[in-house]
Visitor: 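Structure incoming, see below.
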Amino acid sequence: MLWLSLALVITGIGSSGTTAHAASATITNGGNWTDTSGNPIQANSGNILKVGSTYYWYGEHATNGTFDKVNVYTSTDLKNWTFGNSILTKNSATELNTSKIERPKVIYNATTKKYILWAHYENGSDYSLARVAVATSDTPDGNFTYKGSFRPLDYESRDMTVFVDTDNKAYLITASRQNNGGANNSMAIFRLTDDYTGVASFVGWVFEGAYREAPAVVKKGSKYYLFTSQASGWYPNQGGYATSSSITGAWSALSPFGDPSAYATQIHSIATITGSAGTSYIYMGDRWNPLNLSDHKFIWLPLTLNDSNSTATLNWYSSWNIDAATGTVSLPSLTNYALGKPATAISTASSSATTNANDGNAQTSWAASSATWPAWWQVDLGSAKKISEVDISWFMYKGSEAYYKYKIEYSTDGVNYTTIDRTTNTTYGFTTDAVSFTARYVRINMVNAVLHNNPNNWYTPTLHEVRLMGN
């Protein structure tokens with residue numbers, strides 16, 4: 001379930017003058033999230049919209065790969081989510097009976113007082129239509145009226161998002177096809193009509209020929225940040241972002257965020273949480289299991305945006321706190337004991353170093369000198385430390401992804417080791433293990449890498465980053 005602990009702030013004296021409000025909610029990543037009735041939250045790839053003091057969380061649910069419904073959940077504290085309504089279902093229109101509706105986003109038009117849903121629309125069997133779908137409602141949680149699907153100005157449109165700027169102009173940003181390139185080879189930006197239900201004009205191309213998808217836009221001050229993923233099906237990959245002083249561009253070159261698998265997620269939106277003490281940003285991601293798409297996880301992480309140097313920083317936290325009332329984030333007081341410590345390995349390629357795997361930079365990596373398995377990498381913590389979490393960023397190769405079968409081995413003397421067996425792992429890109437041990441030496445034993453599209457393991461044992469967390 002969505003494990004969220006609640007802290008209370010008490011003001012006043014005596015029962016008649018005492019009030020309480022939810023001060024901090026602890027978000028724990030990696031588990032199954034449930035609503036206030038104990039049912040699984042089914043809201044994939046959507047967005048959050050705040051209306052008054054209530055947050056509305058929208059997202060889609062598919063059954064056997066085809067569209068079932070778009071759901072909405074409500075909360076006032078980002079902790080307790082109550083199911084509101086299935087605002088769009090496969091029975092809302094004939095063409096929805098057998099279709100795909102993906103990445104639904106709901107925005108509000110202050111002039112028409114309408115809530116408008118945009119989504120990626122496909123038939124139920126493939127991705128050849130490349131359309132958007134639009135629906136509207138007078139309320140944020142009512143039954144939306146389906147308006148139909150179309151290609152924006154006859155351009156292809158697949159993974160998409162919509163964004164309302166501070167001047168109330170709205171835009172569609174979508175994975176498209178430029179000239180004679182492949183599907184999703186470039187992203188297109190369109191200006192929406194004033195009522196936000198149609199496309200008024202083509203603005204321009206971005207990330208031309210880069211094959212990007214999963215766009216998400218956020219504005220902080222006068223700076224725009226556009227986040228995307230690579231196109232690698234349901235497998236995670238290195239996310240990237242660009243910045244601009246205008247939603248219409250020009251956009252900077254792409255910079256990576258997170259680790260090479262975006263912590264085994266694909267971004268779908270960024271929630272802006274503004275309270276009495278400030279504004280915080282939540283990275284909202286989907287963790288897909290390509291071996292079983294029904295095994296889906298929500299991953300929310302605090303996102304740091306720095307306007308002075310136009311950077312975005314995303315770090316992994318198994319748990320962290322958000323205060324919806326104040327708009328502030330607090331982080332766990334954990335230490336990465338592996339950071340900067342001496343490391344050794346079975347072998348090291350000439351172009352890498354053992355310490356690349358614990359230098360705090362997930363964009364660097366240690367690699368063995370050959371594709372020989374098993375292989376090991378070890379860090380010396382200098383003295384015995386109590387470890388509660390092991391986070392590993394694994395090597396990813398776009399198009400030929402592999403999950404690692406591994407063991408965590410630890411010792412206090414460097415001679416006698418205890419083993420935590422993780423050879424049943426099937427998570428791609430990034431793993432986090434809750435542990436409880438005290439050790440000076442920790443060794444990552446890479447037993448094998450299982451490639452999804454190649455029975456012959458040609459991977460060279462490689463680690464981007466190992467974090468050994470404790471306090």
Side-chain angles (χ1 to χ4, degrees), residues 1-7 23-31 33 78-79 257-265 273 280-285 287 297-306 312-323 326 328-343 355-364 366 377-394 406 408-412 418 420 422 425 427 429-444 463-471:
M1 64 180 293
L2 174 54
W3 296 105
L4 296 174
S5 68
L6 187 64
S24 183
T26 301
I27 296 177
T28 299
N29 287 306
W33 294 12
L78 299 171
K79 168 191 182 294
F257 66 83
D259 76 349
S261 71
Y263 305 117
T265 72
I273 309 300
S280 296
Y281 303 91
I282 300 177
Y283 170 97
M284 299 178 68
R287 177 171 288 176
K297 299 291 189 292
F298 302 109
I299 303 297
W300 290 8
L301 293 168
L303 180 68
T304 301
L305 305 176
N306 189 325
T313 304
L314 186 74
N315 291 316
W316 171 260
Y317 299 99
S318 292
S319 65
W320 57 284
N321 284 56
I322 179 74
D323 188 323
T326 63
T328 56
V329 163
S330 56
L331 303 176
S333 57
L334 293 175
T335 298
N336 177 10
Y337 288 117
L339 183 63
K341 293 302 187 342
T355 52
N356 283 355
N358 62 323
D359 61 357
N361 179 6
Q363 301 304 315
T364 63
W366 159 84
W377 175 95
Q378 179 173 281
V379 62
D380 178 358
L381 304 180
S383 60
K385 304 294 183 183
K386 184 173 178 55
I387 306 301
S388 58
E389 181 174 315
V390 178
D391 299 329
I392 305 176
S393 296
W394 303 98
Y406 64 100
I408 301 168
E409 300 169 342
Y410 59 91
S411 171
T412 56
T418 301
I420 299 173
R422 295 288 285 114
N425 174 61
T427 299
F430 176 79
T431 56
T432 183
D433 290 291
V435 298
S436 179
F437 63 77
T438 299
R440 172 176 174 174
Y441 303 92
V442 179
R443 186 163 61 201
I444 308 302
L463 294 172
H464 279 282
E465 194 70 17
V466 177
R467 300 195 310 164
L468 304 177
M469 310 302 295
N471 53 19

Visitor: Identify the two heavy atoms, one from T412 and one from Y441, that lie closest to each other, and give their separation to 0.1 Å.
Guide: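 Nearest pair, atom of T412 first, then Y441: O-CE1, 4.0 Å.
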Visitor: Say you draw a straight line from CG of D380 to NZ of K341; how long is it, rounded to the nearest 0.5 Å?
Guide: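 Rounded to the nearest 0.5 Å, the CG-NZ separation comes out at 9.0 Å.
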Visitor: With no hydrogens and no angle check, is any side-chain donor or acceptor of Y263 less than 3.5 Å from a backbone partner on L314?
Guide: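 Confirmed, Y263 side chain pairs with L314 backbone.
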Visitor: Where do G429 and S261 come nearest, in terms of heavy atoms and distance?
Guide: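 The pair with the smallest heavy-atom distance is C-OG, 3.4 Å.
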Visitor: Taking all non-hydrogen atoms of both residues, which atom of N358 and which atom of A343 are closest, and how far apart?
Guide: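 What the structure gives for the nearest pair is OD1-CB, 4.1 Å.
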Visitor: Whether the side chain of W320 engages the backbone of W300 through a donor-acceptor N/O pair (distance < 3.5 Å, no angle test) should be reported.
Guide: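 Looks like yes, one N/O pair under 3.5 Å.
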Visitor: Could you grab the distance from atom CG of L381 to atom CG of L339, nearest 0.5 Å is fine?
Guide: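 Separation between the atoms: 11.0 Å.
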Visitor: I need the minimum non-hydrogen distance between S436 and K386, along with the two atoms involved.
Guide: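 Where S436 meets K386 most closely, the heavy atoms are OG-NZ, 3.3 Å.
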Visitor: Going by distance alone, is a donor N or O of one side chain under 3.5 Å from an acceptor N or O of the other, for S24 and D323?
Guide: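 No.
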Visitor: Do you know which two heavy atoms are closest between K79 and A25, and how far apart they sit?
Guide: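 Closest approach of K79 to A25: CB-CB, 3.8 Å.
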Visitor: Does a side chain donor of either T431 or W394 reach within less than 3.5 Å of an acceptor in the other side chain?
Guide: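 On atom types as modelled, these side chains qualify, holding a pair under 3.5 Å.
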Visitor: Give, for atom CD1 of I420 and atom CG of D433, the distance between the pair rounded to the nearest 0.5 Å.
Guide: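 It is 7.0 Å, given to the nearest 0.5 Å.
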Visitor: Find the distance between OG1 (T355) and CH2 (W377) and round it off to the nearest 0.5 Å.
Guide: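 One finds 9.0 Å between OG1 of T355 and CH2 of W377.
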Visitor: Applying side chain to side chain contact (heavy atoms under 4.5 Å, CB included), run through Y410 and I387 and close with a yes or a no.
Guide: CA-CA 10 Å; Y410 59 91; I387 306 301; over 6 Å; no
Visitor: Just by distance, do the side chain of N361 and the backbone of N356 share a donor-acceptor pair under 3.5 Å?
Guide: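 No, N361 side chain to N356 backbone: no donor-acceptor pair under 3.5 Å.
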Visitor: Are any of the side-chain heavy atoms of Y406 and I392 separated by less than 4.5 Å?
Guide: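 Side-chain contact under 4.5 Å: yes.
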Visitor: As an exercise, state the distance from OG1 of T304 to CG of N315, rounded to the nearest 0.5 Å.
Guide: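 Going from OG1 on T304 over to CG on N315, the span is 7.0 Å.
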Visitor: With no hydrogens and no angle check, do the side chains of N321 and T26 hold a donor and an acceptor under 3.5 Å apart?
Guide: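 Yes - a donor-acceptor pair under 3.5 Å links their side chains.
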Visitor: Under the side chain to side chain contact (heavy atoms under 4.5 Å, CB included) criterion, do V466 and V379 qualify, and how do the steps go?
Guide: CA-CA 9 Å; V466 177; V379 62; 5.8 Å; no
Visitor: W316 and side chain to side chain contact (heavy atoms under 4.5 Å, CB included): which single residue from T265, D391, D259 fits?
Guide: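 Single side chain to side chain contact (heavy atoms under 4.5 Å, CB included) partner of W316 among T265, D391, D259: D391.
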Visitor: Under 4.5 Å between any side-chain heavy atoms of T313 and N306, yes or no?
Guide: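 Side-chain contact under 4.5 Å: no.
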Visitor: Indicate yes or no for a side-chain donor-acceptor contact from H464 to the backbone of T364 under 3.5 Å, with no hydrogens or angles considered.
Guide: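 Yes, because the side chain of H464 sits within donor-acceptor range (under 3.5 Å) of the backbone of T364.
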Visitor: For the residue pair W33 and F298, does the interplanar ring angle fall in the parallel (under 30°), tilted (30 to 60°) or perpendicular (over 60°) class?
Guide: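 Taking F298 first and then W33, their aromatic rings sit tilted (interplane angle of 30° to 60°).
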Visitor: I'd like to know if the side chain of R443 and the backbone of Q378 have a donor-acceptor N/O pair within less than 3.5 Å.
Guide: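 Not confirmed, R443 side chain does not pair with Q378 backbone.
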Visitor: Taking all atoms of both residues into account, what is the closest heavy-atom pair of E465 and G360, and its distance?
Guide: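 Answer, listing the atom of E465 first, then G360: OE2-N, 2.7 Å.
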Visitor: Rounded at 0.5 Å granularity, tell me how far CZ in R440 sits from NZ in K385.
Guide: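 It comes to 10.5 Å.
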Visitor: Applying side chain to side chain contact (heavy atoms under 4.5 Å, CB included), run through I282 and I273 and close with a yes or a no.
Guide: CA-CA 8 Å; I282 300 177; I273 309 300; 3.9 Å; yes
Visitor: Main chain of S280, side chain of T328: is a donor-acceptor contact present, judged purely on distance under 3.5 Å?
Guide: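 No; zero donor-acceptor contacts below 3.5 Å.
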Visitor: Can you tell me if R467 uses its side chain to pair, donor with acceptor, with the backbone of T432 under 3.5 Å?
Guide: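 Looks like no, no N/O pair under 3.5 Å.
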